[in-house]
Number of protein chains: 2
Amino acid sequence: MPESTPRRTQAERRAATRAALLEAAARGLSSHGYANLALERVARDAGYSRGALYHLFADKEELALAVVDWVSELWDSEVLQPARAEGEPLTSLLSMARGHARLCRHDVARVMLTLEVEFTGQDHPVGSAIAAVVEQLESEIAELIAAGRRNGSIPPGPPQRLTAAAFMGVLESIGIALAGQAPHDVELMERAARGVLGIAPATDAGAPTGD
Amino acid sequence: MPESTPRRTQAERRAATRAALLEAAARGLSSHGYANLALERVARDAGYSRGALYHLFADKEELALAVVDWVSELWDSEVLQPARAEGEPLTSLLSMARGHARLCRHDVARVMLTLEVEFTGQDHPVGSAIAAVVEQLESEIAELIAAGRRNGSIPPGPPQRLTAAAFMGVLESIGIALAGQAPHDVELMERAARGVLGIAPATDAGAPTGD
DNA sequence: GCACATACCTGCACGCGTGTAGGTAGACTT
DNA sequence: AAGTCTACCTACACGCGTGCAGGTATGTGC
């Protein structure tokens, strides 16, 4: 939003509008996808007109790529880094699952899923961008799985790449299935994560049983 | 495809073209989504022109609804019915997981995921249609979970509706993650399914370990 | 075999969305 | 304080896709 313009420097204005547009674009992409997203809506949503948008971004594609970049960095700092801080591979993976569950409340994570689904099969720059991000994440996951299998905390199973892909998919799907839910989600996310890894569920006796 | 027209009755022609258009539309929806799907492409893909399409379907919406119906019935006969044939709830659920893994090779299952993602949040007739289908499936899954928990084959856990939603999500995500893969997918699908249900992995010793 | 119905096609009007050009008001330079 | 630069807006041209109307050819009832 352009606020009441209390005498700001140009750089500040630029950064502020850019951020507002990026956030609006992220929300738009998350719920409407790329092709079905009208830039008029994005700009209007952020409190500007399409002119401002085209002044800050070359075209629709560049805007989407910026969003992908932003989301990717968010995921990296909010989920990946904390997970890496854990020493043990399995603990790292479960930490990722919990972190992702938290992130999904801001519906930012939905952007990834939406774009991934929309572009799989095509070869569009935006599609390649999220594909690259996902690929990167899956590599990291695959390595953790390998390490966990080596030190015995994760039992053997299907090939690492496949398992990693499944792990990633589970994170995404459960994330959207439970977006904006009660803290149950963290437990469900962990159960599912353990499942793909082939690990027996944590011995929880006090879990709620019905609905 | 219109074939070399070896003297067919009108009903036959109608049915044949309708089927061809439906299949092409399903493929199109699966890879391009609804909004981004050009009917010219669909018709051309099926070997006809847009005129034929508008002759058999009132508009784009009706076509999409027909596809949803078709896919829903396919899922029902190929996955749900066999699963229901099993007596035990847990066995039924795992059967569903395996059946879905098989179906995903025909990329028909992708249609559901694509449309679901595209329309969540909107209130478009097509969105409501797949939402209804998914809702129906989740109900069925929830009941199976409840039954399994009652007879002790499935341990207690988060509320049934949530668990069912997660189960469904896992089916979809793993389905697309492994579309067109080797038979590993069935095992991975089962592991993940067991995971959301909170069940210890099957004691498999002979599974491949690396990639 | 003639009139009719139906499968299917081509051409047109309209809406919507992107990208661009030209204009205004506020910020930086000297 | 005058000139320039930049954030931002409005207005237009263009492409693309949907839906419809009018046409041809092929099956169907009498």
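Below, read A as the first sequence line, B as the second, and so on, with proteins coming before strands; counting in each chain starts at 1. Just so we're clear, the structure is a prediction, and the values are computed from it rather than from any experiment.
The CZ-P distance, from B:Arg14 to C:dA7, rounds to 4 Å in whole Å. Rounded to an integer number of Å, the gap from A:Leu63 CG to C:dG17 P is 16 Å. What separates CG of A:Asn36 from C1' of D:dG17 is a distance of 13 Å, to the nearest Å. Here the P atom of nucleotide D:dT10 and the CD atom of A:Glu40 are 9 Å apart, to the nearest Å. Whole-Å rounding puts the B:Arg13 CZ to D:dT28 C1' distance at 13 Å. Atom CD in A:Glu62 sits about 12 Å away from atom P in C:dT20, given to the nearest Å. In this structure, the OH atom of B:Tyr48 is 5 Å from the P atom of C:dC8, given to the nearest Å. Rounded to a whole Å, the CZ atom of B:Arg41 is 12 Å from the P atom of D:dC16.
Among the nucleotides C:dC9, D:dG19, D:dT10, the one closest to the side chain of A:Ser49 is D:dT10. Closest to the side chain of B:Asp59, out of D:dG19, D:dC9, C:dT10, is D:dG19. In the set C:dG19, D:dT18, C:dC8, C:dC8 carries the atom at the smallest distance from any side-chain atom of B:Ala52.
Between A:Thr17 and D:dA7, a side-chain N or O to OP1/OP2 separation shorter than 4.0 Å is absent. Between B:His55 and C:dA7 there is a side-chain N or O to OP1 or OP2 distance below 4.0 Å.
A:Leu37 comes within 4.0 angstrom of the backbone, heavy atoms only, and of no base.
Ranked by how close their nearest DNA chain D nucleotide is to the 5' end, A:Leu53 and B:Ala38 are led by A:Leu53. Residue-to-nucleotide proximity on DNA chain C shows that, of A:Leu39 and A:Gly51, the 5′-proximal contact is made by A:Leu39.
Side-chain contact annotation: B:His32 with A:Gln122, donor-acceptor N/O pair under 3.5 Å present.
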Atom pairs and distances, donor-acceptor, side-chain atoms in residues 126-135 of chain B, under 3.5 Å, two or more places apart:
{"from": "B:Ser128", "atom 1": "OG", "to": "B:His124", "atom 2": "O", "distance (Å)": "3.1"}
{"from": "B:Glu135", "atom 1": "OE2", "to": "B:Arg161", "atom 2": "NH2", "distance (Å)": "2.8"}

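To the nearest 0.5 Å, atoms CZ (A:Phe167) and CD (A:Glu138) are separated by 11.0 Å.
Salt bridge absent: A:Glu78 and A:Arg102 never bring a charged side-chain N and a carboxylate O closer than 4.0 Å.
At a cut-off of 3.5 angstrom, the base of C:dG19 holds at least one donor-acceptor pair with the side chain of A:Arg50.
Considering all non-hydrogen atoms of both residues, A:Leu21 and A:Val42 come closest at O-CG1, 4.0 Å.
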